[in-house]
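Report on the structure given below.
What's counted below: heavy atoms across the whole structure, side chains too, no hydrogens, waters or symmetry copies. Labels below follow one simple rule: chain letters A, B, ... track the order of the sequence lines, proteins then strands, and each chain is numbered from 1. Since the structure is predicted, the reported quantities are computational estimates derived from the model, not experimental observations.
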Protein chains: 2
Amino acid sequence: MRLAQLSEESGTSPASIKFYLRTGLLQPGVAINPTRADYGDGHVRRLRLIHGLRSTVGLGLEDVRRIVEASAGVETSRSRRLALLATVQSVVLRLDGDADAASPAGDALVQALAWPDEGSEARSAVNRHLAVMDAAGVGVGADVLEAYGRAADAIAAAQLAATDLRDTVEDFILTAAIGMHLHNQLILKIVALAQASQSIRRYGTGTAPDATGPGRP
Amino acid sequence: MRLAQLSEESGTSPASIKFYLRTGLLQPGVAINPTRADYGDGHVRRLRLIHGLRSTVGLGLEDVRRIVEASAGVETSRSRRLALLATVQSVVLRLDGDADAASPAGDALVQALAWPDEGSEARSAVNRHLAVMDAAGVGVGADVLEAYGRAADAIAAAQLAATDLRDTVEDFILTAAIGMHLHNQLILKIVALAQASQSIRRYGTGTAPDATGPGRP
DNA sequence: CATCATAAGATAGTCGAACTATCCTATTGG
DNA sequence: CCAATAGGATAGTTCGACTATCTTATGATG
C-alpha cells in the first residue's frame with residue numbers, strides 16, 4: 001500500500017509517518033521506483049505499536065525505539081519472547097537506573113519467597129532501588145517487602161498469562177507494556193486508598209471539616 | 001536576603017527564581033524599595049520543595065503549582081495536613097482521571113480489608129481505574145486485588161509514620177510525594193523480578209541462550 | 001506527447017514546557 | 001557623583017515531537 005493508505009489504516013498522519021521514516025523508527029517500504037514505495041501489514045502493526053506505547057504508556061520516542069529494535073526478528077519463539085519481555089520491562093520500568101550502592105534486602109526477598117531468580121537485571125534494580133530509598137530516608141522493612149513480594153507474585157502470574165496468548169510481537173509488547181503501566185497506576189491508587197483509610201482510623205474523618213480545600217458535600 | 005543569596009541557599013539559578021516569581025509559583029519578597037526585595041527562609045524552603053517535586057517526583061510546574069497552592073496556610077494542624085496529603089496524592093497519582101465507567105471491585109476490596117473509607121476520591125479513582133483496565137482487556141482478579149490491598153496497607157502505614165514526624169509543610173509534602181514515588185518504583189521493579197522468576201519456573205532460564213539481545217556472559 | 005495531480009523525499013517551521021539571556025532603569029555603596 | 005548591581009520586563013533558547021512547505025519525479029489522462 002501507499003503512504004496515504006498506510007496513514008488511513010494506522011491512524012497516523014502522513015507527516016508523522018514521514019517523520020518516523022526519517023528517524024528510522026519505521027523501516028522504509030519496498031521502493032517500487034524513486035517516487036513510489038509499498039508498505040505492508042507489518043508497517044501498520046508497527047505504527048499501532050508506536051502509537052500505543054506513546055499514548056497509553058507515555059513513552060518517549062527514544063524508548064519506543066529501544067523496544068522496537070529489540071523486537072526485530074522476534075516472532076513466535078518463546079525464549080526470544082522472554083528476552084524481549086525483559087527489554088520491555090527494562091525500558092518501561094527504567095530498570096537501568098544509576099546507583100552505585102545496592103542493598104541485600106532484595107536478595108533476601110528472593111530467598112524468602114523461593115523465587116528461582118539467578119541475578120537478573122530486575123533483581124539488581126530492586127537492590128539498587130532499595131539502597132536509593134534508604135539514602136532518601138525512606139526505609140523499607142522486611143515485612144513491607146514481603147507484602148510487596150506476594151502482590152508481585154499475583155500480578156506477575158496474571159501478566160504472564162495475558163501475554164502468553166498473543167500471536168504478533170506487537171500485540172505481545174503492547175499487552176506487556178500496557179499491563180505493567182495499568183497495574184502500576186492501580187497499585188498507586190490502592191495505596192492512596194489505604195492511606196486515606198488509615199488516616200481515618202488514626203485521626204478520624206480524613207478531610208477536615210475546617211479545611212479550606214475542595215470540600216465533599 | 002537578596003535574590004542572589006536566595007539563589008545560593010536554594011541551589012536555584014537567579015534566572016529560574018525570576019521565572020518562578022513571574023509565573024507566581026514563588027511569592028514575591030518584601031519590597032524594600034523599587035529595586036530591592038527581601039526573601040526569607042520560607043522562600044528557600046519553597047524553592048527546595050519545587051526542586052524536589054520537579055527532579056525527584058518528575059512533576060510539571062502546573063502540578064507543582066497545585067500542590068504549592070494547597071499548602072498555603074497549612075502549618076501544623078493535623079486535619080489540615082491530612083487534607084493537604086489528599087491533594088498531594090491527587091496530583092502525584094493523577095487521581096482525577098477521566099473515565100465514565102466505574103467498577104464495584106474497589107468497593108469490594110474496601111469491604112474485604114475492612115477499611116473505614118467512606119467514598120474518598122482515592123476510592124472512586126480505584127473503581128474507575130479498574131473499569132479502564134477491564135476495558136483494556138487487562139482484568140484484575142479478586143485475589144490479585146487483595147494481594148495489592150495487603151501490600152498497600154503496609155506501605156500506607158510506613159508512609160504515614162514517616163510523614164507524621166515532619167515539622168515544616170514543605171518537608172511533609174516532600175516526604176509524602178517522594179515516598180509515594182519511590183514505593184511505586186519499587187513495586188514495579190519487584191513485579192519485574194517476580195515475572196522473571198515465574199518465567200524461569202515455567203520455561204526454564206529466562207534469557208535464552210540463542211537470544212540476539214544483550215547477553216549476560 | 002504534453003501535462004497536471006500526486007507521491008516520495010528533504011528542509012524548515014511550529015508548539016509547549018521550562019528555562020536563560022539581554023536590556024533597561026533605579027539605586028547605592030564607595 | 002558614578003560605576004556596579006539588583007529588580008523587573010522582554011525576548012530568545014533548547015528539546016521533543018511533530019507539521020507544513022517546497023522540490024522533484026513520475027504516471028495516469030487527455
Side-chain angles (χ1 to χ4, degrees), chain A residues 1-40 42-44 46-69 91-92 94, chain B residues 1-40 42-44 46-69 91-92 94:
Chain A
M1 71 185 86
R2 302 293 143 68
L3 197 148
Q5 197 188 344
L6 178 59
S7 167
E8 284 289 314
E9 301 267 331
S10 65
T12 314
S13 78
S16 295
I17 295 178
K18 285 180 168 194
F19 174 70
Y20 294 153
L21 286 169
R22 248 178 290 143
T23 53
L25 192 56
L26 188 68
Q27 72 271 36
V30 180
I32 301 172
N33 62 43
T35 156
R36 213 138 286 204
D38 196 56
Y39 302 98
H43 290 90
V44 178
R46 169 73 56 95
L47 282 174
R48 293 216 177 109
L49 173 63
I50 294 171
H51 187 77
L53 289 177
R54 289 222 11 80
S55 66
T56 307
V57 188
L59 294 186
L61 285 187
E62 264 316 301
D63 288 338
V64 172
R65 178 190 313 280
R66 284 175 60 192
I67 290 179
V68 153
E69 274 167 9
V91 173
V92 174
R94 308 230 138 68
Chain B
M1 71 184 84
R2 303 293 146 68
L3 197 148
Q5 196 188 344
L6 177 59
S7 167
E8 284 288 316
E9 302 267 332
S10 65
T12 313
S13 79
S16 294
I17 294 178
K18 285 180 168 194
F19 175 69
Y20 294 152
L21 286 169
R22 246 178 291 143
T23 54
L25 192 56
L26 188 68
Q27 73 270 36
V30 180
I32 302 172
N33 62 44
T35 157
R36 213 137 287 207
D38 196 55
Y39 302 98
H43 289 90
V44 177
R46 169 71 57 96
L47 282 174
R48 292 214 177 112
L49 174 61
I50 294 172
H51 187 77
L53 289 177
R54 288 219 17 77
S55 65
T56 306
V57 189
L59 295 186
L61 285 186
E62 261 318 299
D63 288 338
V64 173
R65 177 190 314 279
R66 284 175 60 191
I67 290 178
V68 153
E69 274 166 9
V91 173
V92 173
R94 310 230 136 67

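Listed nucleotides dA7(C), dG7(D), dT28(C) differ in distance to N33(B); the shortest reach to its side chain belongs to dT28(C). Here the nucleotide nearest the side chain of A15(B), chosen from dT28(C), dA7(C), dT20(C), is dT20(C). The side chain of R36(B) lies closest to dT28(C) when the candidates are dT20(C), dA7(C), dT28(C).
In this entry the distance linking CG of L26(B) with P of dG7(D) reads 12 Å, nearest Å. Atom CD of Q27(B) and atom P of dG8(D) are 13 Å apart (whole Å). Taking atom CG on L21(A) and atom P on dT19(D), their separation rounds to 15 Å, with Å as the unit. Between the P atom of dC15(D) and the CG atom of D63(A) lies a distance of 17 Å, rounded to the nearest Å. Computed from coordinates, the I17(B) CD1 to dA9(D) P distance equals 16 Å when rounded to whole Å. For the pair D38(B) CG and dG8(D) P, the interatomic distance rounds to 12 Å; values are reported in whole Å.
Checking each of E9(B), R46(B), M1(B) against Y39(B) for a side-chain contact (heavy atoms from CB on, under 4.5 Å) leaves exactly one that passes, namely M1(B).
A close approach under 4.0 Å does not occur between any side-chain nitrogen or oxygen of S16(A) and OP1 or OP2 of dA17(D). Regarding contacts with the backbone of dG9(C), every side-chain N or O of T35(A) stays at 4.0 angstrom or more from both OP1 and OP2.
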Q.
With salt bridge (charged side-chain N to carboxylate O under 4.0 Å, His left out) as the criterion, how do E69(A) and R66(A) come out once you've worked through the C-alpha distance, each side chain's angles and the decisive distance to 0.1 Å?
A. CA-CA 5 Å; E69(A) 274 167 9; R66(A) 284 175 60 192; over 6 Å; no
Tabulated below should be each protein N or O lying under 3.5 Å from an N or O of nucleotides 10-18 of chain C; please produce it.
residue	atom	partner	partner atom	Å
dA18(C)	OP1	L61(B)	N	3.1

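Looking at heavy-atom distances under 4.0 Å, A37(A) makes contact with sugar-phosphate atoms alone, never a base.
With H51(B) contributing its side chain and T56(B) its backbone, the two residues share no donor-acceptor pair below 3.5 Å.
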